[in-house]
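Have a look at the structure below, then the notes.
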4 protein chains.
Amino acid sequence: MADTEGEQAGGERSAQVGRPRRSRQALLDAAAAVFVTSGVDAPVREIAAKAGVGVGTIYRHFPTRSELVVAVYRHQVEACAEAGPRLLAESATPEAALRAWVALFVEFLVTKHGLAGALQGDSAGSDALHAYFVDRLVPVCGDLLAAALEFVGTASSVDAYNVLKGIGNLCIGAASDARYRADALVQLLISGVLSGGDR
Amino acid sequence: MADTEGEQAGGERSAQVGRPRRSRQALLDAAAAVFVTSGVDAPVREIAAKAGVGVGTIYRHFPTRSELVVAVYRHQVEACAEAGPRLLAESATPEAALRAWVALFVEFLVTKHGLAGALQGDSAGSDALHAYFVDRLVPVCGDLLAAALEFVGTASSVDAYNVLKGIGNLCIGAASDARYRADALVQLLISGVLSGGDR
Amino acid sequence: MADTEGEQAGGERSAQVGRPRRSRQALLDAAAAVFVTSGVDAPVREIAAKAGVGVGTIYRHFPTRSELVVAVYRHQVEACAEAGPRLLAESATPEAALRAWVALFVEFLVTKHGLAGALQGDSAGSDALHAYFVDRLVPVCGDLLAAALEFVGTASSVDAYNVLKGIGNLCIGAASDARYRADALVQLLISGVLSGGDR
Amino acid sequence: MADTEGEQAGGERSAQVGRPRRSRQALLDAAAAVFVTSGVDAPVREIAAKAGVGVGTIYRHFPTRSELVVAVYRHQVEACAEAGPRLLAESATPEAALRAWVALFVEFLVTKHGLAGALQGDSAGSDALHAYFVDRLVPVCGDLLAAALEFVGTASSVDAYNVLKGIGNLCIGAASDARYRADALVQLLISGVLSGGDR
DNA sequence: AATGAATGAGCCTTCATTCAT
DNA sequence: TATGAATGAAGGCTCATTCAT
């Protein structure tokens with residue numbers, strides 16, 4: 001997964017859209033930096049300051065915090081989504097593909113301070129974010145899960161939504177607790193899911 | 001596990017302590033109610049209002065929010081802790097004991113709005129709460145886990161702290177998302193732990 | 001000047017008054033200790049705690065903070081007042097007597113954290129204190145001043161009230177600023193007063 | 001010394017900065033008024049109300065109370081500082097210059113309710129204010145003092161810092177006690193200082 | 001008479017959000 | 001469009017003071 005933003009590739013095709021786009025980009029870069037530092041709930045002002053713009057500009061581009069977060073992480077979420085089919089094709093087994101994808105997702109969540117919490121639906125003002133995550137990744141996760149389950153000959157007792165949200169939850173607070181090993185727990189959860197719940 | 005507070009059984013033995021004790025109890029009841037409604041981070045003022053007391057009264061009894069939360073849930077945590085050895089003795093297998101205990105714990109966490117988040121160490125001002133949970137329940141969970149692991153002939157790849165915190169995390173947001181089945185995920189996590197991580 | 005309280009001399013004559021008196025004494029001792037530590041504006045609760053009594057008891061004995069402070073320092077103020085005539089009689093010159101007395105007073109004010117501020121009349125709720133200080137010490141200071149002025153053959157441009165309050169003010173904050181030499185300034189002020197203001 | 005703010009002389013050169021500058025000015029004016037009424041420790045809310053703005057606006061402009069107070073009185077402090085050399089040049093004698101300057105300073109302190117207290121270093125949250133006063137005025141006072149001392153052929157027993165702080169202290173409470181004549185006492189203190197302490 | 005629990009006013013401070021320029 | 005000043009709700013916390021027991 002590439003780093004935060006890759007959109008600027010290709011440079012600015014037209015001067016007219018260059019300005020707005022540059023503004024938007026500065027915002028996203030700044031937000032990404034602040035999110036890592038202070039978490040996804042960082043004060044709007046802090047982001048604006050980092051971007052060197054007024055808060056109004058942030059609100060203009062991203063009326064809700066969720067939309068900003070979505071925009072900031074869209075590329076990585078996209079990369080995550082795209083990695084699903086690819087891993088399925090490239091991996092030795094569907095289970096390996098699922099585990100690899102999950103590891104990817106965990107790394108993403110854990111790296112970004114406080115992002116995991118966004119998988120919860122009720123987090124203040126993260127509606128759009130939650131929806132985006134679910135809409136984009138549940139299907140991907142679902143495919144990998146179905147393949148892996150078929151491979152191991154088990155029926156799952158929980159759906160992809162639950163698995164995804166479970167993973168998200170397991171990653172909460174991972175960055176600030178050295179003793180807590182979210183990655184290991186997530187793989188164990190996957191083990192449990194693939195075992196069908198019989199121990 | 002019974003509902004929030006059962007201590008008042010037996011009535012007030014002495015008039016002298018009746019007042020203070022009743023006050024404290026009113027606080028705990030009100031706090032319990034508010035916690036369910038608005039979560040563990042509800043404004044102090046809201047709790048005070050619900051209890052029909054001034055904020056000062058809350059601060060007098062519970063200088064920090066953590067202490068209040070601990071007090072509110074102490075009985076249930078205690079019940080949870082005591083259930084560990086009992087279940088181990090009564091259950092058909094150590095695995096069954098572990099699963100039963102975990103179910104108990106999950107029910108507790110899910111029932112109380114926002115309580116699960118307290119298992120995280122960084123939640124603003126919840127140090128005492130976090131410490132209490134960890135100190136009291138990690139050993140209990142550890143015993144159950146060890147017994148179950150020995151029973152199934154597996155070595156665990158994560159310690160009791162991680163299991164407990166993992167369970168806590170899985171329960172976050174469960175109350176407000178009907179589609180999310182924390183209990184099932186937790187049992188699957190246990191399955192994974194007992195499988196040693198081989199699927 | 002003796003230390004804070006000397007009243008208990010003579011023991012308890014009667015059991016009936018012994019109790020109340022002991023209460024009162026405990027209060028005064030505790031208050032004296034707290035005043036040194038945290039200043040004259042220390043929270044009532046802190047004093048009550050130190051005395052091992054309830055706050056209500058303090059309010060019963062001393063309805064206003066001023067009354068408490070007056071009571072605490074009454075002996076020393078008294079000693080100060082009594083030192084005036086004595087110094088006048090014993091000193092080589094009236095000026096020496098004045099200077100010695102002033103030094104005594106300064107030591108008293110500086111030693112007791114925050115007490116100097118009480119010479120101001122508007123300090124929240126220190127009316128009684130202010131009145132007591134003024135009533136008791138202005139005449140004493142006045143006599144010394146008059147004698148000294150006569151001795152040096154000058155007419156004063158300010159009255160004893162002003163001199164007393166000026167001294168009090170000069171002592172404000174002396175305890176917490178090592179660089180500030182209240183005692184020296186006070187003696188210089190006396191020099192000025194005795195010079196009649198011609199340099 | 002002119003009244004609180006004289007900076008706006010010349011009107012607003014550019015429309016763009018008119019708004020912010022007027023806001024700041026309104027704040028300063030309001031604060032100045034409130035300071036006179038309720039002292040320098042007046043609640044932030046009171047100042048905000050007087051200015052007809054929200055408290056946030058105050059915090060935006062002046063994160064700490066000290067900064068606000070400094071801003072409010074900067075011009076006058078500056079005027080005071082600048083008056084030093086001028087008086088030295090214009091006055092008949094260095095002593096006259098010192099006395100004139102001191103009178104100026106006293107008038108400033110006495111006029112502004114509670115400002116004198118700021119010369120104390122421990123006043124809650126007035127660090128910046130104290131530092132500003134000391135940094136700006138001690139040198140000025142020092143020069144005048146040195147010149148006057150040389151003029152009268154005396155060595156001082158206290159430094160300019162002590163003199164300045166002594167003056168500040170003498171002015172405490174002057175505004176609310178008609179009987180108290182801070183100005184006279186200050187001149188007497190100066191007399192004492194110039195006399196070297198020998199009466 | 002003593003107690004100390006209860007009260008609640010009041011202060012500070014932080015931000016999300018709006019809106020005139 | 002961009003700006004960022006202004007707003008004010010919200011929440012935390014501390015005590016002085018009262019009053020039932």
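We name chains A, B, ... by the order of the sequence lines, and we start the count at 1 in each one.
Within a heavy-atom distance below 4.0 Å of DNA chain F, no residue of residues 33-40 of chain C is found.
No side-chain donor-acceptor contact under 3.5 Å links D:Arg74 to the backbone of D:Val69. D:Arg65 contributes no side-chain N or O that, together with a main-chain N or O of D:Pro43, makes up a donor-acceptor pair within less than 3.5 Å.
Applying the side-chain hydrogen bond (donor to acceptor under 3.5 Å, both in side chains) rule to B:Tyr59 yields no partners; only residues at least two apart in sequence or on another chain are considered. Scored by the side-chain hydrogen bond (donor to acceptor under 3.5 Å, both in side chains) test, D:Ser38 finds D:Glu46 as partners (sequence neighbours excluded). Evaluation of the side-chain contact (heavy atoms from CB on, under 4.5 Å) rule for A:Arg60 yields no partner, not counting sequence neighbours.
For E:dA2, the OP1/OP2 oxygens have a side-chain nitrogen or oxygen of C:His61 closer than 4.0 Å.
Looking at which nucleotide of DNA chain E each of C:Val53 and B:Gly52 is closest to, the 5′-most match is held by C:Val53.
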Original post:
Just the dot-bracket of DNA chain F, please: which string comes out with Watson-Crick or G-U pairs under 3.5 Å, [ ] for crossing, | for another strand?
Top reply: .||||||||||||||||||||

Subject >> Worked check of side-chain contact (heavy atoms from CB on, under 4.5 Å) between B:Leu27 and B:Phe62 >> reply: CA-CA 10 Å; B:Leu27 252 50; B:Phe62 310 99; 3.8 Å; yes

Original post:
What do the steps show when you test B:Tyr73 against B:Lys112 for side-chain contact (heavy atoms from CB on, under 4.5 Å), and what is the final call?
Top reply: CA-CA 9 Å; B:Tyr73 294 122; B:Lys112 315 305 170 186; 3.5 Å; yes

**OP:** Under the side-chain contact (heavy atoms from CB on, under 4.5 Å) rule, what do D:Ile58 and D:Arg45 come out as? Steps first, then yes or no, please.
**Re:** CA-CA 9 Å; D:Ile58 307 256; D:Arg45 289 245 238 289; over 6 Å; no

Original post:
For nucleotides 14-19 of chain F, read 5' to 3', which letter fits each nucleotide if B means a protein heavy atom sits under 4.0 Å from the base, S means only the sugar-phosphate is that close, and - means neither?
Top reply: BBBBB-

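The CD1-P distance, from B:Ile58 to E:dA5, rounds to 15 Å in whole Å.
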